[in-house]
A.B. asks: 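The following block contains the structure, expressed as structure tokens.
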Protein chains: 2
Amino acid sequence: MTEAVDDYLKALYQLGEEPHPALPRRVATGELALALGVSGPSVCSMLKRLSALEPPLVDSARHGGARLTPAGRLHALRVLRRHRLLETFLQRELGYAWDEVHEEADRLEHVVSERFCEALARRLGGPATDPHGEPIPAPDGSLESPRELPLSLLAEGVPARVGRVTCRDGELLRYLAARGLQPGARLVLLAREPFGGSLKLRVEETVTELGPAAGAVVFLALPDGEDA
Amino acid sequence: MTEAVDDYLKALYQLGEEPHPALPRRVATGELALALGVSGPSVCSMLKRLSALEPPLVDSARHGGARLTPAGRLHALRVLRRHRLLETFLQRELGYAWDEVHEEADRLEHVVSERFCEALARRLGGPATDPHGEPIPAPDGSLESPRELPLSLLAEGVPARVGRVTCRDGELLRYLAARGLQPGARLVLLAREPFGGSLKLRVEETVTELGPAAGAVVFLALPDGEDA
DNA sequence: AGTTGAAATTTGACTTGTCTAATTCAAGAT
DNA sequence: ATCTTGAATTAGACAAGTCAAATTTCAACT
């Protein structure tokens, strides 16, 4: 399978399944085109190819959007495992910042072998998440999605820990990193402007103000058992 | 530039210049085809493309073989740097054996960034050679080729050190590794069968017999100043 | 129900890299 | 000087992936 196939399947997973792994949703052609930076017709013809394979990797209904088949999902999750292991390696061992890992991993994920990946995983101590706190799928494609809570819903005064930051924008990532808002950081919400305004936080030892756009991408790790 | 371009330029370098960096030689179309595992016509059309670029990367004469231009040589040496740094990393940090590094590096060399490479180089302590003892070009394409002597010409009883092993065959590499014949190993030639027969060696502490095919790929590091 | 507008699809073309089959070339042998 | 032969090149085709332009389809609103 080629690199383009990796990209389409990964995008299909991230758009259709990642937000709610329990209920996959069909993804529209145009949505994929936007995410992948290609034209509508390109998506259309690729989806046709992917659903004509044996076994089919996507389930594509005329004018009805597309969804991964189990085989396609497995493929996507394997790509995602490679991507996230690479990101972790780049950050921990090669000195990349968390806003720099994505681009490099996006190129490497298509060519590293299973052998390479598993050697990397061993070396990194079997990390559970990547530098953004995204969970790393197991080699067999199984994925543990930890319970979490959006920062915007946190109650004032309750200590919490950053779990995941769902954002690919470098600018915003650097802004967050400058304030210490990276996975693992401990924080307390001190005050909240009404109607989705900015948040006043204590992150580790430092008090800081956070714009609402920034707050929207931060998710907190919930200790097992609790829920929103 | 694409991966195929990397491959053609690298092969052109390794066939035409690597054996004698001082006097580059033209490489025949069929020779390239064999080395790259593609057909003659494929080589022909690619050479045409590469010599039509601005600046041209190869100097290709009708029915006269091809040679790298300075721009093409620089490109080839950069690919080679990436390849050899990756090989070194795979061996030292990911537990690959020296007969396993080539395939993986061949895929990675096309996609790793300059940034990645230099981070790797720093991490590895700026290695001068790869796991086979091949010199690693500098970032600017300059290359230091150490003086060396084929094992077949070594005098009996003179202590020497393995420098380079010019062989891509996995079987032979494993055979050599099993006898300790890897770069850095100290050895003494104990006896030589006449007319290119096998060699009796002491490698480090162990005495071993070596077939002539195996002997032909081993080169010895010469201390500065000496020569064949 | 009919119309319309947005989204999806089809059509046809282009690029890169490859192949096989046919042709041309250069050079050594006669 | 020509012939033969093997290598190199041209010609033509294909597959993957992309695009822009034209067309079709669905669905939503009169």
Side-chain angles (χ1 to χ4, degrees), chain A residues 1-13 15-16 24-68 71-72 75-76 79 106-107 109-111, chain B residues 1-13 15-16 25-68 71-72 75-76 79 106-111:
Chain A
M1 295 293 96
T2 81
E3 309 197 357
V5 171
D6 289 352
D7 287 338
Y8 278 91
L9 295 177
K10 189 175 60 157
L12 219 30
Y13 179 83
L15 294 172
R25 125 192 125 71
R26 291 189 156 275
V27 179
T29 304
E31 216 179 331
L32 269 173
L34 191 65
L36 291 166
V38 301
S39 71
S42 299
V43 172
C44 209
S45 72
M46 180 58 100
L47 289 179
K48 204 193 292 190
R49 265 188 56 215
L50 294 178
S51 39
L53 290 176
E54 202 46 59
L57 299 181
V58 315
D59 158 16
S60 170
R62 199 180 154 81
H63 288 98
R67 193 176 32 176
L68 291 170
H75 189 112
V79 175
D106 252 0
R107 273 177 288 112
E109 69 187 8
H110 306 297
V111 303
Chain B
M1 297 292 98
T2 80
E3 309 196 357
V5 171
D6 289 351
D7 287 338
Y8 278 91
L9 295 176
K10 189 175 59 158
L12 219 30
Y13 179 84
L15 294 173
R25 122 193 129 71
R26 290 189 158 276
V27 179
T29 305
E31 216 178 332
L32 269 174
L34 191 64
L36 291 165
V38 300
S39 70
S42 299
V43 173
C44 207
S45 72
M46 180 60 100
L47 288 179
K48 206 192 291 190
R49 266 188 56 213
L50 294 178
S51 41
L53 289 177
E54 202 47 59
L57 300 181
V58 314
D59 158 16
S60 170
R62 199 181 153 80
H63 287 99
R67 193 175 34 173
L68 291 170
H75 189 112
V79 175
D106 252 0
R107 273 177 289 110
L108 287 163
E109 70 188 7
H110 306 297
V111 304

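Keep in mind that the numbers below use all heavy atoms, side chains included, and drop hydrogens, waters and symmetry copies.
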A.B. asks: Compare every heavy atom of A/L36 with every heavy atom of A/A11, then report the nearest pair and how far apart it is.
C.D. replies: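 Closest heavy-atom pair between A/A11 and A/L36: CB-CD2, 3.8 Å.
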
A.B. asks: Which atom pairs link the protein and nucleotides 1-6 of chain C when you take only N or O atoms and keep those under 3.5 Å?
C.D. replies:
none

A.B. asks: Report the distance from atom CG of B/L50 to atom P of C/dT18, rounded to the nearest whole Å.
C.D. replies: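 Atom-to-atom, B/L50 to C/dT18, this comes out as 11 Å.
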
A.B. asks: Check A/L15 against A/A35 and note the closest heavy-atom contact, atom names and distance.
C.D. replies: CD1-CB, 3.9 Å

A.B. asks: In this structure, how many angstroms lie between the P atom of D/dA16 and the CG atom of A/D6, rounded?
C.D. replies: 15 Å

A.B. asks: May I have the distance from A/H110 (atom NE2) to D/dG17 (atom P), rounded to whole angstrom?
C.D. replies: 11 Å

A.B. asks: Check the distance between D/dC19's P and A/L34's CG and give it to me in whole angstrom.
C.D. replies: 13 Å

A.B. asks: Distances under 3.5 Å between protein N/O atoms and the N/O atoms of nucleotides 8-11 of chain C, please, pair by pair.
C.D. replies:
unit_1 : atom_1 : unit_2 : atom_2 : d
C/dA8  : OP1    : A/T29  : N      : 3.4
C/dA8  : OP2    : A/G30  : N      : 3.0
C/dT9  : OP1    : A/H63  : N      : 3.1
C/dT9  : OP2    : A/T29  : OG1    : 3.0
C/dT9  : O3'    : A/R62  : NH1    : 3.1
C/dT10 : OP1    : A/R62  : NH1    : 3.4
C/dT10 : OP2    : A/K48  : NZ     : 3.0

A.B. asks: Using a 3.5 Å distance criterion without hydrogens, assess whether the side chain of B/H75 forms a donor-acceptor pair with backbone atoms of B/A71.
C.D. replies: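 Answer holds: no.
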
A.B. asks: Going through the checks in order, is the side chain to side chain contact (heavy atoms under 4.5 Å, CB included) test met by B/D106 and B/E3?
C.D. replies: CA-CA 10 Å; B/D106 252 0; B/E3 309 196 357; over 6 Å; no

A.B. asks: Working to the nearest 0.5 Å, report the span between NE2 of B/H110 and CZ of A/R107.
C.D. replies: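 Here the interatomic distance stands at 13.5 Å.
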
A.B. asks: Residues in side chain to side chain contact (heavy atoms under 4.5 Å, CB included) with A/L53, at least two apart?
C.D. replies: A/M1, A/L50, A/L57

A.B. asks: What distance do B/L68 atom CG and B/S60 atom OG have between them, rounded to the nearest 0.5 Å?
C.D. replies: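 Rounded to the nearest 0.5 Å, the CG-OG separation comes to 11.5 Å.
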
A.B. asks: Output one line per pair: protein atom, nucleotide atom from nucleotides 13-16 of chain C, and distance, for all N/O pairs under 3.5 Å.
C.D. replies:
none

A.B. asks: Look at B/S42 and C/dC19 and indicate whether a side-chain polar atom (N or O) is within less than 4.0 Å of OP1 or OP2.
C.D. replies: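 Looking at the OP1 and OP2 atoms of C/dC19, one of them is under 4.0 Å from a side-chain N or O of B/S42.
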
A.B. asks: Partners of B/R26 by side chain to side chain contact (heavy atoms under 4.5 Å, CB included), sequence neighbours excluded?
C.D. replies: B/D59, B/A61, B/R67

A.B. asks: Please give, in whole Å, the distance from D/dA7 P to B/L32 CG?
C.D. replies: 15 Å

A.B. asks: What is the distance from CG of A/D7 to C1' of D/dA16, rounded to the nearest Å?
C.D. replies: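 Rounded to the whole Å, the gap is 14 Å.
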
A.B. asks: Mind checking the SG-CG spacing from A/C44 to A/L32? Nearest 0.5 Å is all I need.
C.D. replies: 10.5 Å

A.B. asks: Search all heavy atoms of B/T29 against all heavy atoms of B/G40 and return the closest pair with its distance.
C.D. replies: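 The pair with the smallest heavy-atom distance is CG2-O, 3.9 Å.
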
A.B. asks: Within less than 4.0 Å of OP1 or OP2 of D/dA16, is there a side-chain N or O belonging to A/Y8?
C.D. replies: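 No, because none of the side-chain N or O atoms of A/Y8 sits under 4.0 Å from OP1 or OP2 of D/dA16.
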
A.B. asks: Generate the contact string for nucleotides 1-6 of chain D. Rules: B means base contact, S means sugar-phosphate contact only, - means no protein heavy atom under 4.0 Å.
C.D. replies: ------

A.B. asks: Taking all non-hydrogen atoms of both residues into account, name the closest pair between B/G72 and B/L9 and its distance.
C.D. replies: O-CD1, 4.3 Å

A.B. asks: Nearest 0.5 angstrom please: B/L12 CG to B/E31 CD, how far?
C.D. replies: 9.5 Å

A.B. asks: I need the minimum non-hydrogen distance between B/V79 and B/K10, along with the two atoms involved.
C.D. replies: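 That closest heavy-atom pairing would be CG1-CD, 3.9 Å.
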
